[in-house]
Amino acid sequence: MFKKKSASRAARLTAIAVSVAALGTGLPAVASATPVTVIPGLPPVEVPELPKAPTLPTLPTPKKKESPKPTPKSTTPAKPAIPAMPNVKSETGYVALAVDGAHQIYWWKNGEFIKQMPISMGTNKHPTSNGVYHTKEKYRDMYMDSSTYGVPIDSPEGYRTYVEYATRMSWDGIFIHAAPWSVAQQGVSNASHGCINVSTANGKWVFDNVGRGTPIVVRGTVGGKYTGD
């Protein structure tokens, strides 16, 4: 009985060994395979190492597309475009245009634009009339007196003011002159009694450069039509 069981056990071990050997012959041999004893009592069977799976190439990490940054909007107000030069005759080559809406006066010489100045003209109560003025005499400095056009200097609307670089535009008291007290309004709003107020530097430029007889066109005020000259 013992012999029969031993023979049966030996047969099973032999079958296992043959199967392992068959497995080994079905795989490619590896030169550096290490012998492994899988069945006690039987000759060692070399089981080759299974081939390693090929290493896949590492794909590059796609770069994130950066969204374009929005262009910041400018907070600087755009300057008004230069208007066309008025079609008026000039004996001096100079022509000026005072535009109430922009609170600017523009200057041309011999047809070419040369200068722009912020201004403050007459208020709605004392507007500067629209029309074509011509420069007349000049005063390096003078006192402007409301009594010259019928308003006493001691009345609520009266004044007697020292000014510099005054160039007369009309015989009824309209000048373009330096007015350092209204620089904050120049280019922004109207604050005068009808004159064109400019800075001291701009008043001096007009005084030094613009000859008698130069046309100064006034547009866009709430005033009436200037007809005198």
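Note that this is a predicted model, so its numbers are computed, not measured. Along the sequence shown, the residues carry numbers beginning at 1. These values consider heavy atoms only, across backbone and side chains, with no hydrogens, waters or symmetry-generated copies.
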Practice problem: Could you list the residues that satisfy side-chain hydrogen bond (donor to acceptor under 3.5 Å, both in side chains) with T135, not counting sequence neighbours? | Solution: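 Here no residue qualifies.
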Assigning hydrophobic clusters by single linkage (Ile, Leu, Val, Met, Phe, Trp, Tyr; side-chain heavy-atom cutoff under 4.5 Å), is [X] placed with [Y]?
X    : Y    : answer
V210 : V95  : no
I82  : M117 : no
V222 : Y133 : no
V217 : V198 : no
W107 : M121 : yes

Quick check for you: to the nearest 0.5 Å, what is the distance between [X] atom [atom1] and [Y] atom [atom2]?
X    : Y    : atom1 : atom2 : answer
Y143 : T161 : OH    : OG1   : 9.5 Å
T214 : K109 : OG1   : NZ    : 10.0 Å
R168 : S170 : CZ    : OG    : 7.0 Å
R160 : S146 : CZ    : OG    : 10.0 Å
N110 : S90  : CG    : OG    : 8.5 Å
I216 : Y94  : CD1   : OH    : 12.5 Å

Quiz prompt | Inter- and intrachain pairs under side-chain hydrogen bond (donor to acceptor under 3.5 Å, both in side chains), touching residues 198-207, at least two apart | solution =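 Those involving residues 198-207 are S199-N202, K204-D208.
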Self-check item: For I105, the option from I176, V99, L97, V206 that meets side-chain contact (heavy atoms from CB on, under 4.5 Å)
Solution: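 When I176, V99, L97, V206 are each tested with I105, the side-chain contact (heavy atoms from CB on, under 4.5 Å) holds only for I176.
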State, without any angle test, whether [X] and [Y] hold a side-chain donor-acceptor pair at a distance under 3.5 Å.
X    : Y    : answer
Y162 : D141 : yes
N197 : S192 : no
Q186 : S182 : yes
Y106 : Q104 : no
N190 : D100 : yes

Quiz prompt | Set of ring pair (Phe, Tyr, Trp, His ring centres under 6.0 Å) partners for F113, sequence neighbours left out | solution =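 Listed in chain order: W108.
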Quiz item: What pairs with H134 under ring pair (Phe, Tyr, Trp, His ring centres under 6.0 Å), at least two apart in sequence or on another chain?
Solution: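 In terms of ring pair (Phe, Tyr, Trp, His ring centres under 6.0 Å), with neighbours along the sequence ignored, H134 is linked to no residue.
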So which atom in [X] and which in [Y] form the shortest heavy-atom distance, rounded to 0.1 Å?
X    : Y    : result
M85  : G111 : SD-CA, 3.9 Å
G173 : C195 : O-SG, 3.7 Å
S189 : S120 : O-OG, 2.8 Å
A166 : M144 : CB-CE, 4.4 Å
P127 : N124 : CD-O, 3.4 Å
S147 : I153 : N-CG2, 4.2 Å

Quiz item: Is the cationic atom of R140 (NZ for Lys, CZ for Arg) positioned less than 6.0 Å from the six-membered ring centroid of Y165 and within 45 degrees of its normal?
Solution: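 Judged by the rule (NZ or CZ under 6.0 Å from the ring centre, within 45° of its axis), R140 counts as positioned above Y165.
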Quiz item: Under the side chain to side chain contact (heavy atoms under 4.5 Å, CB included) test, which residues partner K225, sequence neighbours left out?
Solution: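 Once residues adjacent in sequence are excluded, the partners of K225 under the side chain to side chain contact (heavy atoms under 4.5 Å, CB included) criterion are T227.
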Practice problem: Could you tell me whether E137 atom CD has more than 12 heavy atoms of other residues or ligands within 6.0 Å of it? | Solution: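 More than 12 within 6.0 Å, yes.
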Quiz item: Is there any ring-ring contact (aromatic ring centres under 6.0 Å, His included) pair reaching into residues 168-192, and which pairs are they, with sequence neighbours excluded?
Solution: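 Counting only pairs at least two positions apart or across chains, no ring-ring contact (aromatic ring centres under 6.0 Å, His included) contact touches residues 168-192.
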